[in-house]
Amino acid sequence: QVQLVESGGGLVQAGGSLRVSCAASESIFSINAMGWYRQAPGKQRELVAIISRGGNTYYSDFVKGRFTISRDNPKNTVYLQMNSLKPEDTAVYYCNAHYSGTGSSTDYWGQGTQVTVSS
């Protein structure tokens, strides 16, 4: 039921920075974990970073030291700060909300925001 809206993508040169945002229609405190995934043309969707309700974070190895996931609970928003961008970071970046409940789990996705990194 939660709606996720990504924004902040765009075109940037290699070595530059972007911050993408994910606004949730419900309190992110009620969401077990939120994350960022990305998908390049012709490629599988891959995990980029996760932040749990408790504030624990996880990063894929290929973005460690360059990307930072954070949240603003009053704004129901999760951010992904992307620094030192590389052409291979070019992809559609998707926000994910993960719920865990009695006997099941549920994932919701935003529409994605395009990030293009040029050489």
Side-chain angles (χ1 to χ4, degrees):
Q1 187 173 339
V2 65
Q3 185 173 353
L4 306 172
V5 180
E6 301 98 329
S7 62
L11 175 65
V12 64
Q13 293 187 14
S17 299
L18 279 176
R19 188 181 73 167
V20 291
S21 302
C22 173
S25 62
E26 299 179 358
S27 173
I28 59 175
F29 179 78
S30 301
I31 303 171
N32 298 99
M34 298 192 69
W36 286 95
Y37 293 71
R38 69 187 187 187
Q39 187 168 24
K43 302 293 191 297
Q44 291 184 291
R45 187 173 299 185
E46 62 183 356
L47 174 67
V48 176
I50 292 173
I51 186 165
S52 73
R53 186 177 67 182
N56 295 322
T57 58
Y58 167 86
Y59 298 93
S60 294
D61 288 341
F62 53 84
V63 303
K64 283 184 177 178
R66 299 190 298 124
F67 292 8
T68 303
I69 188 169
S70 62
R71 67 188 183 193
D72 187 334
N73 288 337
K75 295 181 179 179
N76 293 334
T77 300
V78 174
Y79 304 96
L80 183 69
Q81 177 67 47
M82 301 180 288
N83 299 325
S84 301
L85 283 162
K86 305 174 181 179
E88 50 264 43
D89 294 319
T90 296
V92 177
Y93 283 72
Y94 295 93
C95 184
N96 167 266
H98 178 77
Y99 292 83
S100 296
T102 303
S104 66
S105 63
T106 306
D107 288 277
Y108 296 91
W109 299 90
Q111 82 290 339
T113 185
Q114 176 71 49
V115 173
T116 303
V117 184
S118 62
S119 300

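Every value quoted in this text rests on a predicted model; they were computed, and no experiment measured them.
For the residue pair Glu88 and Thr90, no side-chain donor N or O sits within less than 3.5 Å of a side-chain acceptor on the partner. In summary, the side chains of Asp107 and His98 do present a donor paired with an acceptor at a separation below 3.5 Å, with no hydrogens or angles considered. Defined by atom type and a distance below 3.5 Å, a donor-acceptor pair is present between the side-chain atoms of Ser17 and Asn83.
The two residues Gly35 and Ile69 make their nearest non-hydrogen contact at CA-CD1, 4.3 Å. When all heavy atoms of Gly8 and Thr113 are compared, the pair lying nearest together is N-OG1, 4.1 Å.
Listed by first and then second residue, the salt bridge (Lys or Arg N to Asp or Glu O under 4.0 Å) pairs that reach into residues 40-49 are Arg38-Glu46, sequence neighbours excluded.
Clustering of Ile, Leu, Val, Met, Phe, Trp and Tyr side chains at separations under 4.5 Å leaves Val5 isolated, with no partner residue.
Under the 4.5 Å side-chain heavy-atom criterion for grouping Ile, Leu, Val, Met, Phe, Trp and Tyr, Leu4 is not connected to Tyr79 through any hydrophobic cluster. Linking ILVMFWY residues whenever their side-chain heavy atoms come closer than 4.5 Å, directly or via other members, leaves Val92 and Leu11 in distinct clusters.
No more than 12 heavy atoms of other residues, nucleotides or ligands shown are found within 6.0 angstrom of CD on Gln3.
Rounded to the nearest 0.5 Å, atoms CG (Leu18) and CG (Leu80) are 10.0 Å apart. Tyr99 OH to Ser105 OG: the interatomic distance, rounded to the nearest 0.5 Å, is 12.5 Å.
Relative orientation of the Tyr93 and Phe67 rings is tilted, given thresholds of 30° and 60° on the angle between their planes.
Shown here are the ring-ring contact (aromatic ring centres under 6.0 Å, His included) partners of Tyr94, two or more places apart in sequence or in another chain: there are none. Contacts of Glu26 classified as salt bridge (charged side-chain N to carboxylate O under 4.0 Å, His left out), with partners at least two apart in sequence or in another chain: none. The side chain to side chain donor-acceptor pair (under 3.5 Å) test applied to Lys64 returns Asp61, not counting sequence neighbours.
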Side-chain polar contacts of residues 50-58 - donor-acceptor pairs under 3.5 angstrom, sequence neighbours left out - could you list them?
| residue | atom | partner | partner atom | Å |
| --- | --- | --- | --- | --- |
| Ser52 | OG | Gly54 | N | 3.3 |
| Ser52 | OG | Gly55 | N | 3.3 |
| Ser52 | OG | Asn56 | N | 3.1 |

